[in-house]
J.: 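What follows is a structure written as structure tokens; I'll ask about it next.
Only a predicted model underlies this, so the values are computations on that prediction, with no experimental measurement involved. Letters go in sequence order (proteins before strands), and every chain restarts at 1. Reckoned from all heavy atoms, side chains included, excluding hydrogens, waters and symmetry mates.
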There are 2 protein chains.
Amino acid sequence: MLDLAILGLLEERDLHGYEIRRQLRDGLGLLANVSFGSLYPALARLERAGAVMATEPVDRGAPTRSPVPPTGSLSGERAVLRARRLAGNRGRRSKKVYRITDAGRRMFADLLAGTGSADDARSFGLKLAFARHLAPSARLALLERRRVQLRQSLDDVRAAAHDDALDVYARSVVEHTAEGVEQDIRWLDRLIEGERANGAGPEDRPREGAGTR
Amino acid sequence: MLDLAILGLLEERDLHGYEIRRQLRDGLGLLANVSFGSLYPALARLERAGAVMATEPVDRGAPTRSPVPPTGSLSGERAVLRARRLAGNRGRRSKKVYRITDAGRRMFADLLAGTGSADDARSFGLKLAFARHLAPSARLALLERRRVQLRQSLDDVRAAAHDDALDVYARSVVEHTAEGVEQDIRWLDRLIEGERANGAGPEDRPREGAGTR
DNA sequence: CTTCGTTATATCGATTCGATATACTAGGGA
DNA sequence: TCCCTAGTATATCGAATCGATATAACGAAG
């Protein structure tokens, strides 16, 4: 899930972890508010899998220092770092800038088109946010798969609403959930209609429509 | 999160794990469909914490058998079980029926009233579903806390929508998210109004003011 | 000069999920 | 009779994610 988001951003340009988080939060809002506790392990995972590679930023004067070895005393470690700083190491904290690889691009395409684990609202929202990378037919398929899932969800939640053992509060929760699903379905229907209108053209032309930024 | 749901159901009556899952799924729908991979660890956790206790169901003819020891051969283990069955052990698979303790009831009250980790939609929905166990003032406080959070979310997601680097698909996702939050707020407003109308009655006098002081 | 806010990477424990294994019963055909 | 499936029931495993926390550097404010 996170992998998709990371690779999607790296398709555009090279980024470091902090920047990835910011773009996800500022760009997609709540939907993609990801914590560092999942982001950094995810980046390490993707690097291990060969989907991304870490590149040293060029603006460093000195090569990356090895981590400070534990001395058993906090002040000891601080002393080491202070010595380094005073010794003329004026470089910034090393940023690890990540670049997507060919394998990563393949992985992104698979994640985006694949039917696996697209069943929660967040995964779907993320996929749709990157839907410009899909061929029109695959985009339509994504929307229709999601619609089928939501129809099923609506049936389930309506069945739950018929349970007469619910008190006012539980019932309100269930009914509000149903309304949310209905709104989702109407949204999907508008998107599907739009896709069909657009896709009426002759061929799949992946003409890019995103801003350059 | 799961702890709250489990304790809430056990407040009503004793239940075993499978039944807890069914009631959560059938009663609250999507909001509370929980997997066994979280349910059973949660029950073990609560038992360790002394919040619930496992009681043997009375309808067993024989005491619970110890687990079949590994013989190194599958057919060997099957043979043991077959022998048991043929020997007259007609009992069902042992169900572990859980009962809430006094400590569990206290824990439930704390989880329900506590402001901690109430920030996601699922936790809030769950709390509201059990809101009949709250004093009217605490119920109102829960709703108003949630409303503040949603207002903040709405600001965030609207800020995201102003990002002009978004293509049509990403923008649609963000706008739909905003609509969902708006709908949530309207729902909350209806609930809050209902609470105020109800709470005007002489019923519940909470003594210590849950609001302004 | 010290404190504060921001940028930046990283790890930890806890929770949750999905998949899987095991055990038992009941019913429906072949 | 014998097997196959479906339902009930408990349990564990690995992986993903979160929230909290630690560490580090730096510029601006005071």
Side-chain angles (χ1 to χ4, degrees), chain A residues 1-6 15-22 24 32-49 54 57 60 62 64-65 67-70 74-82 84-86 89-98 116-117 119-120 122-123, chain B residues 1-6 15-22 24 32-49 54 57 60 64-70 74 77-82 84-86 89-98 116-117 119-120 122-123:
Chain A
M1 217 229 69
L2 232 187
D3 297 8
L4 178 72
I6 292 172
L15 291 169
H16 58 272
Y18 197 84
E19 208 13 58
I20 288 174
R21 186 193 186 239
R22 177 159 44 209
L24 248 21
N33 196 355
V34 77
S35 74
F36 289 122
S38 37
L39 179 59
Y40 286 111
L43 283 169
R45 203 160 66 221
L46 288 171
E47 193 176 10
R48 241 180 300 132
R60 296 288 325 276
T64 305
R65 304 285 181 162
V68 180
L74 270 185
S75 53
E77 293 176 26
R78 280 181 208 273
V80 170
L81 289 159
R82 173 168 293 244
R84 279 187 187 174
R85 191 165 60 246
L86 292 176
N89 180 5
R90 306 293 303 158
R92 293 207 146 71
R93 174 134 172 78
S94 69
K95 277 193 267 192
K96 285 174 80 171
V97 174
Y98 290 94
S117 79
D119 42 352
D120 57 303
R122 221 164 141 194
S123 292
Chain B
M1 219 228 67
L2 231 188
D3 299 7
L4 178 73
I6 291 172
L15 291 169
H16 58 272
Y18 198 84
E19 203 24 49
I20 288 174
R21 186 192 187 240
R22 178 159 42 208
L24 249 20
N33 82 349
V34 75
S35 73
F36 290 121
S38 37
L39 179 60
Y40 286 111
L43 283 169
R45 203 160 66 221
L46 289 171
E47 192 175 10
R48 239 179 304 139
R60 296 287 324 278
T64 304
R65 304 285 179 161
S66 56
V68 181
L74 267 186
E77 294 176 25
R78 280 181 208 274
V80 170
L81 289 161
R82 171 169 295 242
R84 279 188 187 171
R85 191 165 60 249
L86 292 176
N89 180 4
R90 308 289 303 156
R92 293 208 145 71
R93 175 140 173 76
S94 70
K95 280 191 262 192
K96 284 173 81 170
V97 175
Y98 289 94
S117 77
D119 43 351
D120 57 304
R122 218 160 143 199
S123 292

J.: Separation of Y18(B) atom OH from dC24(C) atom C1', in whole Å?
T.: 13 Å
J.: How long is the line joining CD of E19(A) and C1' of dT6(C), in whole Å?
T.: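 Computing the E19(A):CD to dT6(C):C1' distance gives 13 Å.
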J.: Minimum heavy-atom separation for L24(B) to A32(B), with atom names?
T.: CB-O, 3.3 Å
J.: Rounded off to whole Å, could you give me the CZ-to-P distance for the R48(A) and dA10(C) pair?
T.: 13 Å
J.: Working to the nearest 0.5 Å, report the span between OH of Y98(A) and CD1 of I6(A).
T.: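 With rounding to 0.5 Å, OH (Y98(A)) is 9.0 Å from CD1 (I6(A)).
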J.: At less than 4.0 Å, is any side-chain N or O atom of K95(A) found next to OP1 or OP2 of dA8(C)? Yes or no.
T.: yes
J.: Indicate, with a heavy-atom threshold strictly under 4.0 Å, whether R21(A) touches base, sugar-phosphate, or nothing.
T.: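 The answer is nothing, as R21(A) stays clear of every strand by at least 4.0 Å.
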J.: If I compare all heavy atoms of K96(B) with all of E47(B), which pair ends up nearest, and what's the gap?
T.: NZ-OE1, 4.5 Å
J.: I'd like a table of atom pairs between the protein and nucleotides 16-19 of chain D - only N or O on both sides, under 3.5 Å - with the distance next to each one.
T.:
{"residue": "dT17(D)", "atom": "OP1", "partner": "L2(A)", "partner atom": "N", "Å": "3.4"}
{"residue": "dT17(D)", "atom": "OP2", "partner": "R45(A)", "partner atom": "NH2", "Å": "3.3"}
{"residue": "dC18(D)", "atom": "OP1", "partner": "R122(A)", "partner atom": "NH1", "Å": "3.3"}
{"residue": "dC18(D)", "atom": "OP1", "partner": "R122(A)", "partner atom": "NH2", "Å": "3.2"}
{"residue": "dC18(D)", "atom": "OP2", "partner": "S35(A)", "partner atom": "N", "Å": "3.4"}
{"residue": "dC18(D)", "atom": "OP2", "partner": "S38(A)", "partner atom": "OG", "Å": "2.4"}
{"residue": "dC18(D)", "atom": "N4", "partner": "G37(A)", "partner atom": "O", "Å": "3.2"}

J.: Using whole Å, what does the distance between atom C1' of nucleotide dA11(D) and atom NE2 of H16(B) come to?
T.: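 That distance rounds to 15 Å.
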J.: Which pair of heavy atoms, one from L39(A) and one from G17(A), lies closest together, and at what distance?
T.: CD2-O, 3.2 Å
J.: Quick one: D120(A) CG to dT16(C) P, roughly how many Å, whole number?
T.: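 Rounding to the nearest Å, CG of D120(A) and P of dT16(C) are 16 Å apart.
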J.: Has R21(B) got a side-chain atom pairing as donor or acceptor with V34(B)'s backbone, closer than 3.5 angstrom?
T.: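 Yes, R21(B) side chain to V34(B) backbone: donor-acceptor pair under 3.5 Å.
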J.: Below 4.0 angstrom from OP1 or OP2 of dA8(C), is there any side-chain N or O of R22(A)?
T.: yes
J.: Testing the basics here: between D3(B) and R45(B), what is the closest heavy-atom pair and its distance to 0.1 Å?
T.: OD1-NH2, 2.7 Å
